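In this text, all values refer to a predicted model and were calculated from it rather than measured experimentally. The analysis underlying the following values was restricted to heavy atoms, covering all of them including side chains, and did not include hydrogens, waters or symmetry mates.
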Amino acid sequence: MARWSLEYDSFEEVEPPYPAQWRHPSLQKAWWAYQCGLIKSFIEEQAQILHNYGCGNVGTDMMAQNYLDYYAVNEKLDVVQYNHYDTADRLYTNAFAYDFLRCVKDKPFWVTETQVGWNGSNYADCGYRAVGACYANTWLPIAKGAEMNLYWLFRTHPNGHEIGHGALYSTAGRSYRVSEEVKKAGEEFVKCEKFLTETKIESKIALHYSATAMNSFSFAPLIKDFDYRQTVLEKYHAALRHYNVDVIDMPHALDEYEVIVSPFLACADENGFKERITEWVKQGGTWIVGPMSDIMDGNVSRYTHAPYGFLEELAGVYTKYQKPVANDVFKAQWTNDGDCKIGMCYDAYECLEGTKSLAHYTAGEFTSLSVITERNVGKGKIILVGSVISDGDLLRLVGRAPIAEASDNVVLVERIGEEQGMIAVEIENKSGYLVLDGEYTDLITGKNLTGKIEVSPYEVFVLKKGSK
C-alpha cells in the first residue's frame, strides 16, 4: 500500500470508498473482498435459520459473473442456484455458466430464474426470441447437469415495476407460443427421464475461471478494454464446445482431470494451488497455462523477484519479454509445422535445459524466441503459452478427441452410466450437423440414427448408444 501516498497513519486519513477517489487496484480489491465477506456471512446467517427448521435445499440465486466468489458464498449452502436473462443470441454464455455451476459443489444445480418471452421493467426489453429459442433454453441446463429450470415468471404481474416483463402466461392467464415450447420440453423430460437421471457428466478436461482473477483484472486489466470472463468464454471455452469440460475455480480438486487449461489465472498461489498443481502434473497431468497467469499476488501486486510467482521455474524458461499490447506485428509458427495464430498479449521465452519450443515468433522484435514451450515434469508436462491462440491451436495442445464431429452451432454433452450417449442442442438458430460414430436411438423421437445427421435450428437430440 506504500505506493501513491496510500500509507495510513490513522483512520481519519482514509477516504470513503467512492470509485472516483479509490483508483488504486489493491485498495479496490481489498474493499470488494470486505463487501463479499459481509454478503457471505449474511447469507450463512439466514441459511442457518432455515437449516434449524429442517430445510435441506437452501441456496441463494446468483449470476455466474464470479465477482462474488461462488465457491465461498455456496460453501455452507446445499444447492447452487443461478439466474440469467441473456438474450436469445447469447445461449452459449449459459453453456459456459452451466459447466461452471455444475462444479461448484460437484452436484446438480438449479436455474432459479430465466426469461421466457422477453425481459422488462415498466416496458418490454431484450429483444425478440425466435421460435424454438425458449425450447433450447429450457433443454440446455438440463443437458449440462441441472435438475431444475424455473422461469421469471409464471404469470405476468398485473401491476408494479415489472408490469412489462414477459412470462409463461399473461395477466389474464392465457398461454403464449413460448408456453407451448416449455410444455414440449417438459414432456420430453418425461420421455428421457431414465437417461437423464441415471447418467452423469464426467470431464477429463478442466478450464480455470477464477474469482480472484475476475476481480484482479476488473481493477487492473493491464490490457486495454480487457474482459476476463468474456475472454475465457470466447477464446477458450468455445473451443471446447464439443467436449465435456468442467469450468472450475481455484479451490476445486484436480485429481479427476487429465488436462487443465489455465489462461489469465492472475494469481496462481492461493488455496495451496502451487503445490497441488505441481503434484498433479508429476502424476501425469497436462497443464496448459497462460497467457498472463501467475503474474500477481492476491492483493493485485506484481512480483518483483521474477515476472511470475513460480511458473518460470516450473516451466523451465527465462522470460525475455512481456508485452500486454495488442498489435498486428507479431506472428508465430509451430516448430516445422505451419502458422500459429496469436493475439492480445505476447510473452517471449528462452528455453532452458529440458524445455523445448513448440512455437516461436517469426515477426516482430521477438523473432526466434518461443511463444509456446513444453517441459516434462514427472509423468506429466507443463505447456506454457505466451499469447492467446486460435481454437484449432488450443485443441492441438489439448490433444483429445471430441465427443463427436459437429458444426460449431451445436453444443454436445456426453452422458455416461448404465446407458451411454450424448445430448446435442443447437443454440444459434441455424442449421447444423452432427456425425455419429455408430448407431444411436433418439429418445425424443424414438428414431434410430447413424452417420451424419442434419440439425435444424434450436433442435435437440437425446441420443442413447445402440438401436432400440
Side-chain angles (χ1 to χ4, degrees), residues 96 205 207-210 213 216-217 220-241 243 245 259-266 268 286-296 302 306-308 311-312 314-352 355-375 381-400 408:
F96 169 79
I205 302 170
L207 171 64
H208 270 121
Y209 172 50
S210 158
S216 296
F217 284 126
L222 302 183
I223 301 171
K224 186 178 180 181
D225 301 323
F226 179 61
D227 185 324
Y228 168 69
R229 180 175 188 266
Q230 206 61 26
T231 301
V232 172
L233 193 161
E234 292 180 354
K235 302 295 186 181
Y236 296 90
H237 188 265
L240 298 165
R241 67 183 68 212
Y243 296 75
V245 57
V259 178
I260 296 176
V261 184
S262 305
F264 297 99
L265 192 65
T286 297
W287 189 25
I288 303 169
V289 56
M292 293 180 66
S293 296
D294 190 36
I295 60 170
M296 302 178 187
R302 301 297 297 269
Y308 301 108
L311 265 182
E312 268 193 323
L314 186 61
V317 300
Y318 177 80
T319 307
K320 187 78 172 176
Y321 302 106
Q322 291 183 309
K323 191 182 289 290
V325 181
N327 62 76
D328 297 323
V329 175
F330 292 104
K331 309 292 181 186
Q333 70 176 36
W334 294 95
T335 302
N336 301 321
D337 193 16
D339 292 338
C340 178
K341 296 180 181 178
I342 55 177
M344 286 184 66
C345 56
Y346 312 88
D347 287 0
Y349 309 113
E350 292 178 350
C351 293
L352 304 182
T355 301
K356 65 180 179 180
S357 177
L358 297 184
H360 59 275
Y361 290 96
T362 58
E365 62 263 38
F366 299 168
T367 300
S368 79
L369 293 172
S370 297
V371 65
I372 304 176
T373 67
E374 178 181 296
R375 181 189 182 210
K381 59 186 176 182
I382 175 172
I383 299 174
L384 183 59
V385 183
S387 188
V388 175
I389 56 180
S390 70
D391 289 4
D393 291 330
L394 176 62
L395 293 179
R396 174 176 178 156
L397 295 178
V398 169
R400 300 295 191 275
D408 284 347

**Request:** Quick one: list whatever passes salt bridge (Lys or Arg N to Asp or Glu O under 4.0 Å) with Arg241, sequence neighbours left out.
**Result:** Glu428
**Residues that Lys320 engages under salt bridge (Lys or Arg N to Asp or Glu O under 4.0 Å), provided they are two or more places apart** = Glu350
**Message:** List the residues meeting side chain to side chain contact (heavy atoms under 4.5 Å, CB included) with Asp391, not counting sequence neighbours, and say none if there are none.
**Reply:** Ala239
**Asked** Among pairs that include at least one residue of residues 340-349, which meet salt bridge (Lys or Arg N to Asp or Glu O under 4.0 Å), considering only residues two or more places apart or in two chains?
**Response** none
**Those residues that, when tested against Tyr321, pass ring pair (Phe, Tyr, Trp, His ring centres under 6.0 Å) (two or more places apart)** = Phe366
**Request:** Looking only at non-hydrogen atoms, find the nearest pair between Val329 and Gly364 and report the distance.
**Result:** CG1-CA, 3.8 Å
**Prompt:** So do the side chains of Pro263 and Val261 get within less than 4.5 Å of each other, counting heavy atoms only?
**Reply:** yes
**Message:** Between Arg229 and Tyr209, is there a side-chain donor-acceptor contact under 3.5 Å, judged purely by atom types and distance?
**Reply:** yes
**Request:** Please examine the side chains of Asp393 and Asp339, heavy atoms only from C-beta on, and report whether any two atoms are closer than 4.5 Å.
**Result:** no
**Item:** Under the side chain to side chain donor-acceptor pair (under 3.5 Å) test, residues paired with Glu312 that sit two or more places apart
**Value:** Thr319
**Request:** Step by step, work out the ring pair (Phe, Tyr, Trp, His ring centres under 6.0 Å) result for Tyr318 and Tyr349.
**Result:** CA-CA 6 Å; Tyr318 177 80; Tyr349 309 113; 9.9 Å; no
**Item:** Which residues share a side chain to side chain donor-acceptor pair (under 3.5 Å) with His237, sequence neighbours left out
**Value:** Tyr92, Asp99
**Asked** Considering residues at least two apart in sequence or located in another chain, which fulfil the salt bridge (Lys or Arg N to Asp or Glu O under 4.0 Å) criterion with Arg302?
**Response** none
**Prompt:** Got Ile295 and Pro307 here, is their nearest side-chain heavy-atom distance under 4.5 Å?
**Reply:** no
**Item:** Counterpart residues, side chain to side chain contact (heavy atoms under 4.5 Å, CB included), relative to Lys381 (two or more places apart)
**Value:** Thr286, Glu374, Asn376, Ile383
**Message:** Contact between Trp334 and Val371 at the side-chain level, heavy atoms closer than 4.5 Å - yes or no?
**Reply:** no
**Message:** Less than 4.5 Å apart, side chain to side chain, heavy atoms only: is that true for Trp287 and Leu311?
**Reply:** yes
**Item:** Exercise: identify the closest heavy-atom pair between Ser357 and Thr335
**Value:** O-OG1, 3.1 Å
**Message:** Is it the case that the side chain of Asn327 and the backbone of Val325 share a donor-acceptor pair, with hydrogens and angles ignored and the cut-off at 3.5 Å?
**Reply:** yes
**Request:** Quick one: do Ile288 and Ser262 satisfy side-chain contact (heavy atoms from CB on, under 4.5 Å)? Show the steps, please.
**Result:** CA-CA 6 Å; Ile288 303 169; Ser262 305; over 6 Å; no
**Asked** Does Ser368 reach the side chain of Tyr361, with side-chain heavy atoms less than 4.5 Å apart?
**Response** no
**By side chain to side chain donor-acceptor pair (under 3.5 Å) - contacts of Arg396 (at least two apart)** = Asp337
**Contact check, side chains of Leu358 and Leu397, non-hydrogen atoms, under 4.5 Å** = yes
**Message:** Working note: Ile260 + Ile205, criterion side-chain contact (heavy atoms from CB on, under 4.5 Å); need CA distance, chi angles, decisive distance, verdict.
**Reply:** CA-CA 6 Å; Ile260 296 176; Ile205 302 170; over 6 Å; no
**Prompt:** Looking at residues at least two apart in the chain, or sitting in another chain, which of them share a ring pair (Phe, Tyr, Trp, His ring centres under 6.0 Å) with Phe217?
**Reply:** Phe226, Tyr228
**Prompt:** Residues in salt bridge (Lys or Arg N to Asp or Glu O under 4.0 Å) with Glu234, at least two apart?
**Reply:** none
